[in-house]
K.L.:
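Sending over a structure as structure tokens; questions will come in a sec.
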Amino acid sequence: MTLSQQIIRVLPIAIAIAGFLLARYIYTKKKKKEKLVCLLDSDCDAVVRSQYSTFLGAPLEIWGMGYFALIALFFLSFIFLPQLNSFFFQIIIFAVTFTSCLFSLYLASIQIILIKQWCMWCLISTILNVLLFGAIVFTSPLNIKGLVINIINKLIS
């Protein structure tokens, strides 16, 4: 396996770990009631403590930790148990990361349109979500072209 192939295999894991650590950082700061430092000359706390900081009753950072951990575990399992890298799991990962990416972009728009404040940490999380989706689409065995071909083949057969 070449170096570039090895990087491709671990890239989604590295991004997911970074996302998990970021969500954990926000969670810890909120739990300790410590102020988040924002280098954007904005109020991160206004964002992470707003009415939009929960989803289905749970803080978004809990959802983020769970999501990023799930993605890291999925890709680790593909390395150690390659038989799990099936079409079914590829579709699940694609759907979950696509949904998360859209949700992150929605939350970024909430910051500017409704809250009128930016959170640097939340924007980094959005960037990580977009990068993760991009890594899954373009660098993993799951790619747009392959996905479309697989779906067409499944529908035809």
Side-chain angles (χ1 to χ4, degrees), residues 8-144 147 150-151:
I8 287 170
R9 288 180 72 179
V10 299
L11 185 62
I13 298 167
I15 295 170
I17 290 170
F20 177 87
L21 293 173
L22 177 60
R24 175 95 171 112
Y25 170 75
I26 295 170
Y27 173 77
T28 302
K29 286 290 196 178
K30 280 178 66 175
K31 189 172 182 169
K32 292 180 178 179
K33 297 184 182 355
E34 295 176 358
K35 186 167 176 61
L36 287 165
V37 176
C38 185
L39 300 176
L40 297 178
D41 194 30
S42 192
D43 187 2
C44 286
D45 287 308
V47 175
V48 300
R49 299 178 199 285
S50 75
Q51 69 185 33
Y52 304 100
S53 66
T54 61
F55 180 69
L56 299 176
L60 289 174
E61 56 275 9
I62 297 288
W63 285 101
M65 286 188 290
Y67 164 71
F68 285 118
L70 177 72
I71 295 301
L73 289 173
F74 258 120
F75 277 90
L76 280 169
S77 70
F78 293 163
I79 290 171
F80 296 106
L81 301 166
Q83 65 273 19
L84 292 180
N85 194 4
S86 68
F87 178 77
F88 174 75
F89 283 117
Q90 288 180 20
I91 293 294
I92 288 174
I93 287 176
F94 177 82
V96 168
T97 56
F98 179 70
T99 303
S100 179
C101 187
L102 288 179
F103 190 65
S104 287
L105 294 171
Y106 161 76
L107 291 172
S109 68
I110 292 290
Q111 289 181 61
I112 193 63
I113 295 169
L114 298 176
I115 302 172
K116 300 190 187 317
Q117 293 288 331
W118 288 107
C119 172
M120 171 182 75
W121 306 107
C122 301
L123 293 175
I124 292 170
S125 179
T126 299
I127 290 166
L128 289 173
N129 258 306
V130 171
L131 288 173
L132 183 57
F133 180 67
I136 288 168
V137 169
F138 296 108
T139 64
S140 74
L142 176 62
N143 60 59
I144 298 279
L147 179 65
N150 279 333
I151 290 171

K.L.:
In Å, rounded to the nearest 0.5 Å, how long is the span from CG of L60 to OH of Y52?
P.N.:
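Answer for the CG-OH pair, L60 versus Y52, is 12.5 Å.
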
K.L.:
Under the side-chain contact (heavy atoms from CB on, under 4.5 Å) rule, what do L132 and L128 come out as? Steps first, then yes or no, please.
P.N.:
CA-CA 6 Å; L132 183 57; L128 289 173; over 6 Å; no

K.L.:
May I ask you to test the F75-I93 pair for a side-chain heavy-atom distance under 4.5 Å?
P.N.:
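Yes, side chains in contact.
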
K.L.:
Tell me if the centroids of the rings in F94 and F133 come within less than 6.0 Å of each other.
P.N.:
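When the ring centroids of F94 and F133 are compared, they turn out to be within the sub-6.0 Å range.
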
K.L.:
Measuring from I17:CD1 to L76:CG, what's the distance to the nearest 0.5 Å?
P.N.:
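Taking CD1 in I17 and CG in L76, the distance rounds to 6.5 Å.
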
K.L.:
Please report the closest heavy-atom contact between I15 and A135, naming both atoms and the distance.
P.N.:
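Closest pair (atom of I15, atom of A135, distance): CD1-CB, 4.1 Å.
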
K.L.:
Measuring only between side-chain heavy atoms, which start at C-beta, is F103 closer than 4.5 Å to F55?
P.N.:
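F103 vs F55: side chains touch.
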
K.L.:
Report yes if the side chains of V47 and M120 come closer than 4.5 Å at any heavy-atom pair, otherwise no.
P.N.:
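Result no, sub-4.5 Å side-chain heavy-atom pair not found.
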
K.L.:
Quick check: closest heavy atoms across K116 and I113, and the distance to 0.1 Å?
P.N.:
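Looks like NZ-O, 3.0 Å.
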
K.L.:
Check W118 against A108 and note the closest heavy-atom contact, atom names and distance.
P.N.:
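Between these two residues, the closest heavy atoms are CZ3-O, 3.8 Å.
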
K.L.:
Shortest non-hydrogen contact from W121 to V37?
P.N.:
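Closest approach of W121 to V37, heavy atoms only: NE1-O, 2.8 Å.
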
K.L.:
Measure the shortest side-chain to side-chain distance between V96 and F74 over non-hydrogen atoms and say whether it is less than 4.5 angstrom.
P.N.:
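When only atoms from C-beta onward are counted, F74 and V96 do not touch, as no gap falls below 4.5 Å.
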
K.L.:
Roughly how far apart are L11 CG and L131 CG, rounded to 0.5 Å?
P.N.:
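Rounded to the nearest 0.5 Å, the CG-CG separation comes out at 8.0 Å.
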
K.L.:
Enumerate the residue pairs fulfilling side-chain hydrogen bond (donor to acceptor under 3.5 Å, both in side chains) with a member in residues 96-106, sequence neighbours excluded, ordered by first and then second residue.
P.N.:
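Every side-chain hydrogen bond (donor to acceptor under 3.5 Å, both in side chains) pair that includes a residue of residues 96-106, provided the two are not neighbours, is S100-N129, S104-N129.
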
K.L.:
Measure across A23 and G64 and return the closest heavy-atom pair with its distance rounded to 0.1 Å.
P.N.:
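Taking A23 first and G64 second, the nearest heavy atoms are CB-C, 4.1 Å.
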
K.L.:
Should K33 and D45 count as an ion pair when the cut-off is N to O under 4.0 Å?
P.N.:
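A salt bridge is absent here (no side-chain N lies under 4.0 Å from a carboxylate O).
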
K.L.:
Between Q117 and S50, does the side-chain contact (heavy atoms from CB on, under 4.5 Å) criterion hold? Intermediate values first, please.
P.N.:
CA-CA 11 Å; Q117 293 288 331; S50 75; over 6 Å; no

K.L.:
Starting from the C-alpha separation in whole Å, work towards a yes-or-no answer on side-chain contact (heavy atoms from CB on, under 4.5 Å) for K29 and I26.
P.N.:
CA-CA 5 Å; K29 286 290 196 178; I26 295 170; 5.8 Å; no

K.L.:
Taking atom OH as the centre, does Y27 end up with more than 12 heavy-atom neighbours from other residues, nucleotides or ligands that are less than 6.0 angstrom away?
P.N.:
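Not buried by this count: 12 neighbours or fewer within 6.0 Å.
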
K.L.:
Output the distance between atom SG (C119) and atom CD1 (I124), rounded to the nearest 0.5 Å.
P.N.:
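Taking SG in C119 and CD1 in I124, the distance rounds to 8.5 Å.
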
K.L.:
Start with the C-alpha distance between L22 and F68, add both sets of side-chain angles, then the distance that settles side-chain contact (heavy atoms from CB on, under 4.5 Å), and finish with yes or no.
P.N.:
CA-CA 10 Å; L22 177 60; F68 285 118; over 6 Å; no

K.L.:
Atom CD1 of I115 and atom OG of S42: how far apart are they, to the nearest 0.5 Å?
P.N.:
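Spacing of CD1 (I115) from OG (S42) equals 9.5 Å.
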
K.L.:
Does atom CZ of R49 have more than 12 heavy-atom neighbours from other groups under 6.0 Å away?
P.N.:
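Yes - once you tally the heavy atoms of other residues, nucleotides and ligands closer than 6.0 Å, there are more than 12.
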
